[in-house]
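Step one of this worksheet: look at the structure below.
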There are 4 protein chains.
Amino acid sequence: MDRRLTARGLERRRQLMDYSARLFARNGYDPTSVAEIVDGMNVGKGVFYWYFESKEALLLEILADSQRSLRRLQQSYIENEADPVRRIELGIRATMDWVGQNRHLWGLFRFAASEERFAPYLRRGQQTAVSDVVRHINEAITQGRVRQTDPSVLAHAILGVTNQLSGTFLVEQDGRPSEVADAAVDFCLDGLLGARLPV
Amino acid sequence: MDRRLTARGLERRRQLMDYSARLFARNGYDPTSVAEIVDGMNVGKGVFYWYFESKEALLLEILADSQRSLRRLQQSYIENEADPVRRIELGIRATMDWVGQNRHLWGLFRFAASEERFAPYLRRGQQTAVSDVVRHINEAITQGRVRQTDPSVLAHAILGVTNQLSGTFLVEQDGRPSEVADAAVDFCLDGLLGARLPV
Amino acid sequence: MDRRLTARGLERRRQLMDYSARLFARNGYDPTSVAEIVDGMNVGKGVFYWYFESKEALLLEILADSQRSLRRLQQSYIENEADPVRRIELGIRATMDWVGQNRHLWGLFRFAASEERFAPYLRRGQQTAVSDVVRHINEAITQGRVRQTDPSVLAHAILGVTNQLSGTFLVEQDGRPSEVADAAVDFCLDGLLGARLPV
Amino acid sequence: MDRRLTARGLERRRQLMDYSARLFARNGYDPTSVAEIVDGMNVGKGVFYWYFESKEALLLEILADSQRSLRRLQQSYIENEADPVRRIELGIRATMDWVGQNRHLWGLFRFAASEERFAPYLRRGQQTAVSDVVRHINEAITQGRVRQTDPSVLAHAILGVTNQLSGTFLVEQDGRPSEVADAAVDFCLDGLLGARLPV
DNA sequence: TATGAATGAGTATTCATTCAT
DNA sequence: GATGAATGAATACTCATTCAT
C-alpha cells in the first residue's frame, strides 16, 4: 500500500469511501460485500484492493475521517468563546449540525461502537470529546456555576443526551439540527426540574 | 418449530441462549458461527436447529427475552409509587440494576440497534420505555413540577443519559449500579446548572 | 479439527488424500485447486474442509504418510540382516520397490523438497534416512571394508544415486525396480572403476 | 516481443532476471507475484511486460540462461583433456564450481524439474549432460578402464551423486566446491568399496 | 519507455443449513 | 433427540495481464 495516487486516483478513492459508507450504513458492515461495492460502482474487483488494503481498513479510514471532520467542526464553533458553559452549548450545536449533514454515518458509528474489533478505534475519539467537555466543566465549576460533581460523569451525560436526541430526532425523524440542539442544550443545562428565569 | 419440549429440553434451550448471547456479545453476531456455538457446548449441529429455527431467530429470542426481563424489573420497582418524578427515578435505578446484572448483553443491544435487520425488533421495546416515561412526565407537568416541554424529548434525553452512563461506568468501568444511578438521576433532574437545596 | 470420524468418514478422508496426491503429482501443487479436487470427486466443497484444515495441511499429511510407509518398508527389508554392506544394499532395494509402487508420489516429493515452505517437513525424513545409512557405513568402516571417509558424505552419495536412478528409470522410463536396484547397488559399491571379482 | 533493446534496456532486463531469480528461489515461483518483483525494483508494472512476455517466459529464460552458462563452464574445463575418465572428473568439478557461484539457482532448478509445465525445458539440458558423460564413458570402456555396463545408467548415477552432494554440502551447508568435488569424484570412481592405491 | 489504474477470472476458505442414520 | 457428514453459494482477497496517458 501507500500508493502514490494521481488526482484521478484520489478522486476514485474518495468515491469508494463515500459509496461504501452509504452501503455499510444502510445494510450493515458485515452483510455488505466487497462485490456489492464494486458492482455498484461499476468497476472491477481489483480497484477496491488497489485503494484499500482490506474491507476492514476501509471502514477504519471512514471512521477516522469522520471523527476528524466532526472534531474540526466543533473546534471551529468554539474558538474565541470565553464562557465555558457557552462552549459546551456550542459543542452540542456543532455536533447536531454535523450529524444533520452526515446522517448516513450515524448507524455506522453505532455499529463500530458495538463491536469489539472496531470499538477501540472509536474510543480514542470519544475520549477526546469527553476531555474537551471536561475541561469546560472544570472551568465552570471554578467559576461556581456548576455544582461540585465528577466532571467526567457530567461530560458523559451530555454526550448521552446529544447522541440519543440526534439519533432519534435528526436521523430517525429527520428533524432540524438547530431545534434538536435547543432541546439538548436545555436539558443538559437544567435537567427536568430546572427553571431558570428567562433572561 | 413450536416444539413440545421436555424439562430437559427447556434447560438445553436456555443454555444455548445464554452461551450464544455471551459469544455474540464478545465476538459479534455475524462473526460468531453456529459451529462455534455447538462446538463450545459439545453438541452436534442438529441440536441447534432442533431448538431454533435459525441463527437470526435465536438472536431475536435473546433480545425479546432481555427486553421482557428489563421491563418486568422496571415495573416491579415502580408499582405503588405515587410520585411521578420518583417513578422516573426508580425506572432509572431499575435499569441500572438490570444492566449491572446483564453486562454481557449490553454490546448485543448496541449491535442490534445499529443494524437495520434487527433494529425494528428493538424499536418496539424502546417505544414502550419512552411512553412509560412520557406518562410520568406528563403527570409531573400537570403538577407544575416540570416545565412545559415536549415530553417525548425529555424522555429520550433521560434514556440517553441512562444508556451512556450505564455503558461507560457499569459495563466498561465495572462500577456499582447504585452509584451510577445516583449520578444519572441527579443529572436528569437538575442538569448541569441545577442547584436544588439538599432536602 | 481433530474430528471424531466414523468408518465412512475415515474412508472418505483416505480417498481425498489419494485423489489429491495424484492431482498434485500430475499438475503441481499450486496449480491444483481445491475446486478441482472436490469436483473430481463429485462432492461439495465443504467436504474438503471437513476433513482437512487447509490445502497445505493436506499436502503435509500426504508427505508424512508417505515417508512413514517408505521407512516401514526399508526397515522390514533390513531387519535380521547382520552384514552392514548388505543392509545398505537392502535399503536401496526397498526404496526402489517403494518408488515402483508409488510412482505418482515421486514428483510430489521433488516439489516439496524444492519449496522453502515444505522442505523443512521433508528434511526430518531425509535426515533419518541419512543417519540410518551412516550407521551401517560406520560399522562397515570398523570392519575395514569401507575406506575411511566422512560417512555422511557417502550416505548422501548413495541417496543421490538412488534418487536419480529411480526418478529416471522407474518413474520416467517405467523400468523394473529390481533391475534398477541392481544398477544402483553396483554403482554404489564399486563406482565406475571398481572391478570386484565375481563371487 | 523480440524488442530491439538499447544498452540500458539490456541492463534493465538482466537486473529483472537476476532479481526475479532470487525471489523465485527464495519464495517459490508460484507464490512470487509480478507485483512483488516490480515493487522490489521500484518500477511500474509496464516495465515487466515490456521486457518479458509473461512470468512463465521469464522463468524459462532464466533456466535457459543458466543451463547455457553451466554447459559453457563444463566445456571450458574439459577442452584439451584427452583422458576420458579425467574428463568426467573435470565435468564434476566444473559443475560444483558453477553451483558454488549460483547457489540461489539451485532451488529454482529443483522446482522446475518437479513441475510438468517446466520439466520439459530442463529435460533437453539434462539429456545433453547425460550424453556428454556417456561419450566419455564409452571411450573409457573401449580403453578397458570401466566395466561393461549400460553407460547411460552410469552417467545418471554420476549426475545423481553430483546433484545430491552439491545440494547438501554446497547449498545447504555452504561448503567449498573443490572439497565437495573431491568427495564426489572419489565416490563416482570407486564407490563404497573401491580402494585404489594412492598414486 | 514507463506509470498508475483497471480488469475479472480465479483462489482458498467459511458457514448457515440440511440430511441420513 | 442427537450425531457426523454433506451441501454449495458466498466471501474476502490475489494476481497475471492490459491499457490510457
Side-chain angles (χ1 to χ4, degrees), chain A residues 3-13 30-39 42-58, chain B residues 3 5-6 8-9 12 30-38 42-58, chain C residues 3-13 30-39 42-58, chain D residues 3 5-6 8-9 12 30-38 42-58:
Chain A
R3 303 206 178 292
R4 206 142 353 175
L5 296 178
T6 63
R8 182 156 153 257
L10 281 169
E11 187 179 323
R12 252 291 144 84
R13 203 183 129 88
D30 281 308
T32 299
S33 70
V34 173
E36 260 178 283
I37 296 171
V38 296
D39 285 0
N42 274 315
V43 295
K45 204 167 281 192
V47 168
F48 186 96
Y49 290 95
W50 178 259
Y51 292 105
F52 303 99
E53 223 153 74
S54 66
K55 188 180 150 188
E56 189 163 331
L58 164 62
Chain B
R3 304 206 179 292
L5 295 175
T6 65
R8 183 154 149 268
R12 259 282 153 91
D30 282 309
T32 299
S33 70
V34 173
E36 257 179 286
I37 296 170
V38 297
N42 274 316
V43 297
K45 239 173 225 177
V47 169
F48 185 95
Y49 288 92
W50 181 258
Y51 291 107
F52 304 99
E53 221 156 67
S54 68
K55 188 181 153 189
E56 192 163 328
L58 163 63
Chain C
R3 302 209 178 291
R4 205 134 2 163
L5 296 177
T6 62
R8 181 156 153 254
L10 281 168
E11 188 180 322
R12 253 289 146 86
R13 204 182 128 88
D30 281 309
T32 299
S33 71
V34 173
E36 261 179 284
I37 295 170
V38 295
D39 285 0
N42 275 316
V43 295
K45 207 168 274 192
V47 167
F48 185 96
Y49 290 93
W50 178 259
Y51 292 105
F52 303 99
E53 224 152 74
S54 66
K55 188 180 150 189
E56 189 164 331
L58 164 63
Chain D
R3 305 207 178 289
L5 295 176
T6 65
R8 183 154 147 269
R12 257 283 152 92
D30 281 309
T32 299
S33 69
V34 174
E36 257 179 288
I37 296 170
V38 297
N42 273 317
V43 296
K45 239 172 226 179
V47 170
F48 185 96
Y49 287 94
W50 180 258
Y51 291 107
F52 304 99
E53 221 156 69
S54 68
K55 188 181 152 188
E56 191 163 328
L58 163 63

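Throughout, protein chains are lettered first and strands after them, A, B, ... in sequence-line order, and every chain is numbered starting at 1. Scope of the values below: all heavy atoms of this structure, side chains included, with no hydrogens, waters or symmetry mates.
- The residue among C:Asn42 and B:Gly9 whose nearest nucleotide of DNA chain F lies closer to the 5′ end is B:Gly9.
- In this structure, A:Arg13 atom CZ and E:dG4 atom C1' are separated by 15 Å, rounded to whole Å.
- The minimum heavy-atom distance linking C:Thr32 with C:Lys55 is given by the pair O-NZ, 2.8 Å.
- Contact check, D:Tyr51 against E:dA2: a side-chain N or O comes under 4.0 Å of OP1 or OP2.
- Every side chain to side chain donor-acceptor pair (under 3.5 Å) that A:Glu11 has, sequence neighbours left out, goes to A:Gln15.
- B:Asp30 is linked by a salt bridge (Lys or Arg N to Asp or Glu O under 4.0 Å) to B:Arg117, counting only residues two or more places apart in sequence or in another chain.
- Both A:Val43 and D:Arg12 lie near DNA chain E, and the one whose nearest nucleotide falls closer to the 5' end is D:Arg12.
- Residues meeting the salt bridge (Lys or Arg N to Asp or Glu O under 4.0 Å) test with A:Arg13, sequence neighbours left out: A:Glu61.
- B:Ser33 pairs by the side-chain contact (heavy atoms from CB on, under 4.5 Å) definition with B:Ala35, B:Glu36, not counting sequence neighbours.
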Can you give the dot-bracket line for DNA chain F, where a pair is Watson-Crick or G-U wobble with both atom distances under 3.5 Å, crossing pairs use [ ], and | marks a partner on another strand? .||||||||||||||||||||

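- Note: CZ (C:Phe52) to C1' (F:dA5) measures 14 Å, nearest angstrom.
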Protein proximity profile, nucleotides 13-21 of chain E - base contact B, sugar-phosphate-only contact S, no contact -, cut-off 4.0 Å on heavy atoms: BBBSBB---

